[in-house]
Amino acid sequence: GLFDTVGQSDVSLSLAALAENNYEAIFDLLLVLQKTTASYLRTRAVEIESELQQCHSEKENFRRELTILIQECEDRDRSITEFNLREKQLKQEIQSLYDQIDDCQARERTYT
């Protein structure tokens, strides 16, 4: 292993003595570590909250853009429907004009 048995017990005794002698220093170090950890976690929580707000804001923007795009598509669909209807009406009018031309030509043939 890392230490032989004698060395290992020497280290254990030394650590025990160190801990006894520096109990207050170790305790203070633990308090500092705890406060630092708590401070870091608070800071990180604020950062995450900020990221969450930004995500929410972006989601709302995308939702608005999507609503606008859907409305534009519906408007275009209506326009296409209107154009198709108008095209049908114009074709009927053209056919009606051709029918009238045919009638006129038939009458002309009758008179000539």
Side-chain angles (χ1 to χ4, degrees):
L2 193 54
F3 301 111
D4 59 17
T5 316
V6 175
Q8 194 171 4
S9 64
D10 287 347
V11 169
S12 295
L13 288 173
S14 297
L15 286 175
L18 192 68
E20 240 175 77
N21 295 336
N22 295 308
Y23 176 76
E24 296 231 354
I26 291 170
F27 185 74
D28 289 346
L29 186 62
L30 286 174
L31 276 178
V32 168
L33 184 61
Q34 185 179 2
K35 287 178 183 173
T36 304
T37 303
S39 174
Y40 167 77
L41 292 175
R42 274 192 295 275
T43 302
R44 189 65 190 122
V46 168
E47 290 170 354
I48 290 171
E49 182 67 30
S50 175
E51 288 177 37
L52 187 62
Q53 288 289 74
Q54 187 176 351
C55 285
H56 179 71
S57 177
E58 288 178 19
K59 186 175 82 173
E60 286 304 310
N61 288 340
F62 286 137
R63 184 172 284 141
R64 275 193 290 278
E65 289 176 24
L66 184 60
T67 301
I68 289 168
L69 288 173
I70 289 170
Q71 185 61 51
E72 287 176 0
C73 286
E74 289 172 352
D75 291 347
R76 286 191 181 133
D77 281 349
R78 257 192 305 283
S79 295
I80 289 170
T81 301
E82 289 169 7
F83 282 130
N84 287 339
L85 184 61
R86 184 67 183 139
E87 180 184 35
K88 187 177 177 184
Q89 289 171 342
L90 290 173
K91 283 180 179 176
Q92 288 172 347
E93 287 178 31
I94 289 170
Q95 187 57 52
S96 174
L97 290 172
Y98 279 131
D99 291 346
Q100 289 176 24
I101 290 170
D102 288 346
D103 288 347
C104 284
Q105 287 175 341
R107 280 197 299 271
E108 278 178 14
R109 281 193 294 276
T110 309
Y111 294 123
T112 56

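Panel note: side chain S50, backbone V46; no donor-acceptor pair is recorded below 3.5 Å. A donor-acceptor distance shorter than 3.5 angstrom exists from the side chain of T37 to the backbone of L33, with no hydrogens or angles considered. At distances below 3.5 Å, not a single donor-acceptor pair connects side-chain atoms of S39 with backbone N or O atoms of K35. With hydrogens and angles ignored, the 3.5 Å screen pairs no side-chain donor or acceptor of S96 with any backbone N or O of Q92.
At least one side-chain heavy atom of R63 sits less than 4.5 Å from a side-chain heavy atom of K59. Residues Q95 and K91 have side chains not in contact (no heavy-atom distance under 4.5 Å, counting atoms from C-beta outward). Side-chain contact between N84 and E87 is present, with heavy atoms from C-beta onward closer than 4.5 Å.
By the neighbour-count criterion of 12 heavy atoms within 6.0 Å, atom CD of Q34 is sparsely surrounded, having that number or fewer from other residues, nucleotides or ligands.
The structure places OG1 of T36 at 10.0 Å from CG of L31, a figure rounded to the nearest 0.5 Å. Taking CD from E58 and NE2 from H56, the interatomic distance works out to 11.5 Å, rounded to the nearest 0.5 Å. To the nearest 0.5 angstrom, E93 atom CD is 10.5 Å from Q100 atom CD. In this structure, L97 CG and D102 CG are separated by 11.0 Å, a value rounded to the nearest 0.5 Å. Here C104 contributes atom SG and R109 contributes atom CZ; the two are 11.0 Å apart, rounded to the nearest 0.5 Å. Taken from CD1 in I101 to CD1 in I94, the straight-line distance is 10.5 Å, to the nearest 0.5 Å.
If you chain together hydrophobic residues whose side chains sit under 4.5 Å apart, I48 and L41 never meet in one group.
With hydrogens and angles left out, the side-chain atoms of E65 and N61 include no donor and acceptor closer than 3.5 Å.
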